[in-house]
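Proteins come first, then strands; the chains are lettered A, B, ... in the order of their sequence lines, and each starts at number 1.
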Amino acid sequence: GAVVSQHPSWVICKSGTSVKIECRSLDFQATTMFWYRQFPKQSLMLMATSNEGSKATYEQGVEKDKFLINHASLTLSTLTVTSAHPEDSSFYICSASGGLAVTYNEQFFGPGTRLTVL
Amino acid sequence: AQSVAQPEDQVNVAEGNPLTVKCTYSVSGNPYLFWYVQYPNRGLQFLLKYITGDNLVKGSYGFEAEFNKSQTSFHLKKPSALVSDSALYFCAVRDRNTGGFKTIFGAGTRLFVKA
C-alpha cells in the first residue's frame, strides 16, 4: 500500500517560535494533501486541503496566517505553525491522495506529529 | 452538510465475543463510507470502505461493515473480538456528488476487548 511519512514524529518548542512539519508521500504522487488536527480523545478536524502547486484551502475557523501550508511538489507538503502558543499543542496528521489512491477513492494517512508548546 | 455520528464513546466486549461499533451518517447525495482504526500516538489505518456494489464490505483484520441506505448506517462488526483489537475507531463519510476528497470523521469510539 501507499506510504505517507511525517517528520518529526514529535516536537517540543517554546512559545513564540515556529515549527515546521513535513508530510511526504513515499511511493506515489500526491496531487492532494490534507492536514488534520486531533485533540486528545477527540476526532480529526480537517484544517486545510492543498493541491500541488496551488494555495491551500482552509476550513472555516482555521487561521491561514498561523498555519502556513506549502505543497510545492507532488511528494511533499509542509505545515508551519507560526508563533506557536500552548493552545496549539496537538496531534497533527496529514493524509495524501493521488494516482492509484484516486482510483480507489482512498487517502493515506501519515503517522502524525505530536506538537507540545511550552 | 455532511455529518457522521458514532453514538458510543466506548464499547466493551469480551475476547471471543462478537463486536459492533455503530455509525450513522448524513450526506446530501450518495456516500463513500470508511472505517479507520487508530492506535495510541499513531496515524489512522484504513480498515474498509463502501463505494458501490455489495452492501456487506469485508476489510482488514476480519472486520466487516454493512451499508444500510434506509437507516443511513454503516456499522462495523467482527464475529470474534481479539484483545489486540482494542483501539480507537473512526467512521468517515465523503459525499461523492460534491467531488474532491473532503472527508468528515465521526468522534470516534474506543473499543476495549477484555481477555
Okay, Q6(A) and chain B: the region with an atom under 4.5 Å from a heavy atom over there is neither

Using the ring centroid of each side chain, check whether F108(A) and F46(B) are separated by less than 6.0 Å. no

Can you measure from CD (Q38(A)) to CZ (F90(B)) and round to the nearest 0.5 angstrom? 4.5 Å

Say whether L44(A) and L115(A) are linked into one hydrophobic cluster, either directly or through other cluster members, by side-chain heavy-atom distances under 4.5 angstrom. no

Other residues, nucleotides, ligands: >12 heavy atoms within 6.0 Å of Y39(B) OH: yes

Tell me, yes or no, whether the heavy-atom count around K66(A) atom NZ, taken from other residues, nucleotides or ligands under 6.0 Å, exceeds 12. yes

Kindly indicate whether the side chain of T103(B), heavy atoms from C-beta on, has any atom under 4.5 Å from the side chain of Y36(A). yes

Verify, without hydrogens or angle tests, whether S43(A) (side chain) and G108(B) (backbone) share a donor-acceptor contact under 3.5 angstrom. no

So for Q38(B), is it side chain, backbone, both, or neither that comes closer than 4.5 Å to the heavy atoms of chain A? side chain

Establish whether V37(B) and V4(B) are linked, either directly or via other cluster members, by ILVMFWY side-chain heavy-atom contacts under 4.5 Å. yes

With a 4.5 angstrom heavy-atom cut-off, is it the side chain or the backbone of L46(A) that approaches chain B, or both, or neither? side chain

Applying a strict under-4.5 Å side-chain criterion to I, L, V, M, F, W and Y, I'd like to know whether F105(B) and Y25(B) cluster together. no

Do the side chains of V19(A) and M47(A) join up, straight or via other hydrophobic residues, at under 4.5 Å, putting them in one cluster? yes

